[in-house]
Q: 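Sharing a structure with you now.
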There are 2 protein chains.
Amino acid sequence: MKLSAKGQYGVRAMVVLALNYRAGPMPIKEIAARENISSQYLEQIFLELRRADLISSVRGARGGYILARDPQEIKIGDIVRVLEGPIAPVDCVLEGSEEVCERTGDCLTRGVWEKLRDRITEVLDDISLEDMISTRKVSG
Amino acid sequence: MKLSAKGQYGVRAMVVLALNYRAGPMPIKEIAARENISSQYLEQIFLELRRADLISSVRGARGGYILARDPQEIKIGDIVRVLEGPIAPVDCVLEGSEEVCERTGDCLTRGVWEKLRDRITEVLDDISLEDMISTRKVSG
DNA sequence: TTTTATGTTTAGTAAATTAGTCGGGTTTTT
DNA sequence: AAAAACCCGACTAATTTACTAAACATAAAA
Ligand code: FES
Ligand code: FES
């Protein structure tokens with residue numbers, strides 16, 4: 001039930017991009033240094049995020065990365081899904097796909113995992129980058 | 001954000017024990033066969049569950065394992081904590097321990113993970129084995 | 001009392017995943 | 001042209017996961 005380092009790094013880096021949103025592109029090295037992440041590893045993470053259209057890149061000197069849209073339009077769930085795959089506590093209840101498991105129907109555990117998955121996605125899809133940077137306190 | 005196979009096996013096996021609760025101890029091989037789990041691996045899982053006092057064992061012929069208390073007294077969260085450790089999406093917000101991370105205070109991501117952890121524990125600590133076996137449908 | 005059915009425990013291991021590193025690119029600005 | 005930046009594929013070390021092996025301990029039944 002843990003996020004991998006990749007997912008955590010991704011979220012932290014995206015928060016930095018959100019803070020820097022109005023100032024234009026930000027070089028990856030600056031982000032990596034600030035967040036203490038290997039810049040080469042962060043490159044891989046940003047590659048995935050760019051392919052998913054969450055960020056865009058500006059090449060050349062004075063280039064860097066910038067959010068692809070406003071911070072309030074990007075939810076934590078969007079980031080997590082790109083870096084960790086579909087959200088589900090167990091494979092039987094993967095988002096999107098119905099009926100993965102042959103035991104569905106008489107399975108007594110499925111209900112719990114579905115409920116858990118739904119609560120998790122509720123939280124992650126409710127909070128945007130804007131929410132994270134604008135309030136210190138996420139009440140709840 | 002996935003449960004390991006160990007956690008899933010543990011929950012499934014505990015459900016079987018709950019179904020069998022009034023019939024006395026149940027041999028591990030029977031459970032393993034029924035749930036398609038390696039019986040030697042299940043032994044290790046049951047060892048942890050026994051040490052955590054969720055089940056008790058009866059040795060010798062006609063022995064086996066039985067829930068240590070009534071099915072409604074055992075929550076899914078109890079099982080998951082034993083087999084997967086403290087519930088937390090990231091190490092910074094481990095249950096129980098305050099202040100693990102030096103960045104606490106100015107950390108913008110912490111709030112999200114705390115909220116997520118709380119929702120997860122709410123679900124897992126709300127549902128008991130009795131709930132799982134008595135109703136096919138866990139509404140919610 | 002012998003046999004058999006069970007649980008107990010430690011150690012080892014193969015496969016998969018994770019978390020990177022390496023080393024070269026290409027593109028754009030200065 | 002040079003520097004600053006992104007782009008990308010391949011490789012690797014460390015860790016975790018999911019078991020397997022093997023011997024041992026205990027209790028009930030025959
Ligand atoms: S094990 Fe797949 S639905 Fe329950
Ligand atoms: S990284 Fe530890 S509290 Fe945020």
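In the text below, chain A, chain B and the rest are named by the order of the sequence lines, each starting its count at 1.
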Q: Heavy atoms from C-beta onward define the side chain here; which of D:dC6, C:dG7, C:dG20 lies closest to that of A:Arg59?
A: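 Ranking D:dC6, C:dG7, C:dG20 by closest atom to the A:Arg59 side chain puts D:dC6 first.
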
Q: Using whole Å, report how far CD of A:Glu48 lies from C1' of D:dC7.
A: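 Checked: the CD to C1' distance equals 14 Å.
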
Q: For B:Ser57 and for A:Val58, find the nucleotide of DNA chain C with the closest heavy atom, then tell me which residue's nucleotide is more 5'.
A: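 Mapping each residue to its closest nucleotide by heavy atoms, the 5'-most match is B:Ser57.
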
Q: Rounded to whole angstrom units, what separation is found between the CD atom of A:Gln8 and the P atom of C:dG20?
A: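 Result: 11 Å.
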
Q: I want to confirm an ordering. Mapping B:Glu84 and B:Ala61 to their closest nucleotides on DNA chain D, which one lands closer to the 5' end?
A: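 The residue whose closest nucleotide sits nearer the 5' end is B:Glu84.
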
Q: State whether B:Asp131 and B:Lys75 are salt-bridged, where the test is any N-O pair (Lys NZ or Arg NE/NH1/NH2 against Asp/Glu carboxylate O) under 4.0 Å.
A: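 No salt bridge links B:Asp131 with B:Lys75.
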
Q: Nearest to the side chain of B:Glu43, heavy atoms from C-beta on, is which of C:dG23, C:dA19, C:dT9?
A: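 For the B:Glu43 side chain, the nearest candidate turns out to be C:dT9.
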
Q: Select base, sugar-phosphate, or nothing to describe what B:Arg62 touches, counting heavy atoms under 4.0 Å on all strands.
A: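 Sugar-phosphate contact only.
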
Q: Is there side-chain contact between A:Glu130 and A:Glu73, with at least one heavy-atom pair below 4.5 Å?
A: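 When only atoms from C-beta onward are counted, A:Glu73 and A:Glu130 do not touch, as no gap falls below 4.5 Å.
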
Q: In terms of side-chain heavy atoms, does B:Asp118 have a donor or acceptor partner in B:Thr121 at a distance below 3.5 Å?
A: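 No, no side-chain donor-acceptor pair sits under 3.5 Å.
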
Q: With a 6.0 Å cut-off (strictly less than), is the heavy-atom count around CZ of B:Arg69, excluding the residue itself, greater than 12?
A: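 More than 12 within 6.0 Å, yes.
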
Q: Calculate the interatomic distance between A:Ile31 atom CD1 and D:dC6 atom C1'; express it in whole Å.
A: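 It works out to 12 Å between those atoms.
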
Q: In whole angstrom, what separates B:Lys29's NZ from D:dT20's P?
A: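 So the NZ-P distance, B:Lys29 to D:dT20, works out to 14 Å.
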
Q: Assess whether a salt bridge exists between B:Arg119 and B:Glu122, defined as any Lys/Arg side-chain N lying under 4.0 Å from an Asp/Glu carboxylate O.
A: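 Yes, charged N to carboxylate O under 4.0 Å.
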
Q: Would you say a side-chain N or O of B:Tyr9 is under 4.0 Å from OP1 or OP2 of D:dC19?
A: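 It does, given that an N or O in the side chain of B:Tyr9 lies less than 4.0 Å from OP1 or OP2 of D:dC19.
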
Q: Can you tell me the distance, in whole Å, between the CD1 atom of B:Ile45 and the C1' atom of C:dT10?
A: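 The distance from CD1 of B:Ile45 to C1' of C:dT10 comes to 17 Å, rounded to the nearest Å.
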
Q: Please check the phosphate of D:dC8 (OP1 and OP2 only) for any side-chain N or O of A:Arg51 closer than 4.0 Å.
A: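 Indeed, a polar side-chain atom of A:Arg51 lies that close.
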
Q: Could you work out which one of C:dT9, D:dC7, D:dC19 sits closest to the side chain of B:Arg50?
A: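 Between C:dT9, D:dC7, D:dC19, the one nearest the side chain of B:Arg50 would be C:dT9.
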
Q: Checking all strands, does A:Lys6 fall into the base, sugar-phosphate, or nothing category for heavy-atom contacts under 4.0 angstrom?
A: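 Here A:Lys6 touches the backbone only, sparing every base.
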
Q: What integer distance in Å separates A:Gln40:CD from D:dC8:C1'?
A: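 Atom CD in A:Gln40 sits about 12 Å away from atom C1' in D:dC8.
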
Q: Nearest heavy atom decides the nucleotide; on that basis, is A:Gly60 or A:Gln44 closer to the 5' end of DNA chain C?
A: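 Its nearest nucleotide lies further toward 5', so the answer is A:Gln44.
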
Q: What's the closest nucleotide to the side chain of A:Ala5 if the choices are C:dA19, D:dC8, C:dT21?
A: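 Nearest listed nucleotide: C:dA19.
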
Q: Hey, does the side chain of A:Ser38 come within less than 4.0 Å of C:dT21's phosphate (OP1/OP2), counting only N and O?
A: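 Yes, such a contact exists.
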
Q: If I take atom CG in residue A:Asp91 and atom P in nucleotide C:dT17, what distance separates them, rounded to the nearest angstrom?
A: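 So the two atoms are 10 Å apart, to the nearest Å.
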
Q: Side chain of B:Pro27 only, heavy atoms from C-beta on: which candidate in C:dT6, C:dT9, C:dG20 is closest?
A: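 The answer is C:dT6.
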
Q: Mind checking B:Phe46 for me? I need base, sugar-phosphate or nothing, with any heavy atom below 4.0 Å counting as a touch.
A: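 B:Phe46: no heavy atom of the nucleic acid under 4.0 Å.
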
Q: Hey, is the side chain of A:Tyr41 poking within less than 4.0 Å of OP1 or OP2 on D:dT12, counting only N and O atoms?
A: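 A:Tyr41 to D:dT12 OP1/OP2: no side-chain N or O under 4.0 Å.
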
Q: Measure the distance from CG on A:Leu47 to P on C:dT21 and round it to the nearest whole Å.
A: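 A:Leu47 atom CG is separated from C:dT21 atom P by 17 Å.
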
Q: Is any side-chain N of the basic residue among B:Arg22 and B:Asp70 closer than 4.0 Å to the acidic one's carboxylate O?
A: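 Result for this pair is no, no salt bridge flagged.
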
